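The structure appears right after this line, and notes come after that.
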Amino acid sequence: MNIRRLEAHEALPLELLLEADPSEQLVRRYCADGYCFIAEKQETVIGVFVLLAIDAATVEIKNIAIAEPERGKGLGKRLVLVALEEARKLGFTAVEIGTGNSSFAQLALYQKCGFRMKTIDRDFFTRHYTEPIIENGLECRDMVRLDYRL
Ligand SMILES: CC(C)(COP(=O)(O)OP(=O)(O)OC[C@H]1O[C@@H](n2cnc3c(N)ncnc32)[C@H](O)[C@@H]1OP(=O)(O)O)[C@@H](O)C(=O)NCCC(=O)NCCS
């Protein structure tokens, strides 16, 4: 898997980005303002992550996704670790990531990569998304924010 920055003239891997965030409008906005990286396997995009600065010291992983057939093979973990490394290279000293209260696999993954829970934004998903999101038999309502000190 080769990971590189998406160049300005290249199309966004929208299908993949929408797997992590159903709002195309939000996705397009933060991709335009942030740093989009892609992971390729034999010239096919199989992964993506987007870094967006919160302030001069902190950057957020706004989106991260691995193509369905490639999941569960350790690639998501590799992508998170590369995102931390790229954030360090860009000069940030902390990385944040947010996920849903019902996203058990993501909560496990980020903590396995060294992230610690920071805050909970109650009813974030209820406020920002019109359709209810159900995951693991549970309504996704609150955003759990985690951080990693570089
Ligand atoms: C989230 C995502 C990027 C993870 O990618 P992946 O390639 O499947 O992840 P990995 O194979 O690297 O596995 C992740 C780790 O989490 C662990 N994990 C997953 N579910 C778990 C659970 N319920 N309990 C404990 N650990 C769990 C795995 O065991 C693995 O850890 P390990 O390497 O120590 O065994 C991928 O599932 C995806 O693209 N999902 C859709 C988009 C999305 O939800 N993005 C995140 C939005 S917040």
Side-chain angles (χ1 to χ4, degrees), residues 1-6 10-54 58-88 92 94-150:
M1 181 170 75
N2 177 46
I3 301 170
R4 66 173 175 89
R5 181 105 179 254
L6 189 76
E10 292 181 295
L12 290 174
L14 204 55
E15 210 177 306
L16 210 45
L17 288 158
L18 292 173
E19 298 214 19
D21 183 343
S23 167
E24 182 173 338
Q25 198 188 354
L26 288 180
V27 165
R28 285 194 184 278
R29 195 181 309 153
Y30 58 67
C31 285
D33 295 340
Y35 310 86
C36 183
F37 290 80
I38 53 168
E40 293 168 309
K41 187 170 142 188
Q42 287 147 10
E43 285 165 40
T44 301
V45 181
I46 58 157
V48 67
F49 69 84
V50 181
L51 296 177
L52 182 72
I54 295 176
T58 310
V59 72
E60 179 173 355
I61 302 176
K62 284 296 285 185
N63 191 307
I64 184 159
I66 290 285
E68 245 232 275
E70 301 292 339
R71 289 183 196 158
K73 302 178 187 174
L75 301 181
K77 200 170 181 182
R78 264 183 68 191
L79 222 51
V80 174
L81 298 176
V82 170
L84 294 176
E85 201 41 51
E86 293 295 339
R88 194 195 317 267
F92 293 99
V95 181
E96 290 196 10
I97 194 161
T99 193
N101 58 283
S102 51
S103 300
F104 304 143
Q106 289 82 345
L107 284 166
L109 166 63
Y110 305 147
Q111 290 177 89
K112 283 180 173 183
C113 290
F115 280 83
R116 299 280 309 275
M117 290 193 189
K118 189 184 176 198
T119 53
I120 292 170
D121 188 349
R122 276 197 147 197
D123 283 311
F124 173 90
F125 293 97
T126 334
R127 275 187 273 116
H128 289 89
Y129 294 87
T130 45
E131 297 294 315
I133 306 167
I134 308 291
E135 238 184 341
N136 297 308
L138 195 63
E139 187 175 352
C140 181
R141 298 171 65 181
D142 309 320
M143 176 180 280
V144 182
R145 295 195 63 84
L146 301 96
D147 72 347
Y148 184 103
R149 303 267 144 199
L150 291 166

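Indexing begins at 1, ligand by ligand and atom by atom, following the structure's order. All values derive from a computational prediction rather than experimental measurement. The figures that follow rest on heavy atoms only: side chains count, while hydrogens, waters and symmetry mates do not. If you read the sequence from its start, that first residue is 1, and numbering goes on from there.
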For ligand 1, which is the ligand I care about here, please tell me if A105 has any N or O atom under 3.5 Å from one of the ligand's N or O atoms. no
N/O to N/O below 3.5 Å, does that happen between Y110 and ligand 1? no
Looking only at protein heavy atoms, which one is nearest to atom 42 (C) of ligand 1, and how far off is it? E19 O, 3.5 Å
So, does N63 use its side chain to make a donor-acceptor pair with the main chain of E19 at under 3.5 Å? no
Given the rule in the side chain to side chain contact (heavy atoms under 4.5 Å, CB included) test, do L26 and Y129 qualify, once you have shown the distances and angles that lead to the verdict? CA-CA 11 Å; L26 288 180; Y129 294 87; 4.3 Å; yes
Sub-3.5 Å N/O-N/O distance, G74 and ligand 1: yes
Would you mind checking if D147 and R149 are paired as a salt bridge, meaning a charged N to carboxylate O distance below 4.0 Å? yes
Which heavy atom of the protein is the closest neighbour of atom 13 (O) of ligand 1, given with residue, atom name and distance? L109 CD1, 4.6 Å
Give yes or no for whether the N/O distance cutoff of 3.5 Å, strictly under, is met between A20 and ligand 1. no
Taking the side chain from D142 and the backbone from N101, do they hold a donor-acceptor pair closer than 3.5 Å? no
Atoms of ligand 1 close to G98 [distance to a heavy atom under 4.0 angstrom, numbered from 1]: 48 (S)
Ligand-residue contact atoms, ligand 1 with L75, heavy atoms, under 4.0 Å: 7 (O), 12 (O)
Taking only non-hydrogen atoms of G72 and a 4.0 Å limit, the atoms of ligand 1 in range are 6 (P), 7 (O), 8 (O), 11 (O)
Answer yes or no: does atom CD of E10 have more than 12 heavy-atom neighbours from other residues, nucleotides or ligands under 6.0 Å? yes
Under 4.0 Å from one or more heavy atoms of A65, ligand 1 contributes atoms 39 (O)
Is it the case that the side chains of E135 and S103 hold a donor-acceptor pair, with the cut-off being a distance below 3.5 Å and no angle test? yes
With respect to D121, which candidate in R127, R141, R145 satisfies the salt bridge (Lys or Arg N to Asp or Glu O under 4.0 Å) definition? R127
If you have a sec, work out which protein heavy atom is nearest atom 1 (C) of ligand 1 and how many Å separate them, to one decimal? Q106 CG, 3.8 Å
Where the closest heavy atom to atom 33 (O) of ligand 1 is concerned, which of K77, K73, K112, R78 has it? K77
Residue R71 excluded, over 12 heavy atoms near CZ under 6.0 Å: yes
Please determine if R5 and E86 form a salt bridge, counting it only when a charged side-chain N lies under 4.0 Å from a carboxylate O. no
In this structure, atom 37 (O) of ligand 1 is nearest to the protein heavy atom R71 CD, 3.3 Å
Atom 45 (N) of ligand 1 - nearest protein heavy atom and its distance: I64 O, 2.8 Å
Which value, rounded to the nearest 0.5 Å, describes the distance between I133 atom CD1 and F125 atom CZ? 6.0 Å
Between A108 and ligand 1, does any nitrogen or oxygen pair lie at a separation below 3.5 Å? no
For the CG atom of L79 and the CD atom of E70, what is their distance to the nearest 0.5 Å? 12.0 Å
Looking only at protein heavy atoms, which one is nearest to atom 39 (O) of ligand 1, and what is the separation? I66 N, 2.8 Å
Test item: protein heavy atom less than 4.0 Å from atom 11 (O) of ligand 1: yes
Would you check whether T99 has a nitrogen or oxygen atom less than 3.5 angstrom from a nitrogen or oxygen atom of ligand 1? no
Please report the interatomic distance CG(L146) to CE(M117), rounded to the nearest 0.5 Å. 5.5 Å
Minimum non-hydrogen distance to atom 7 (O) of ligand 1, winning option of S103, G100, G76: G76
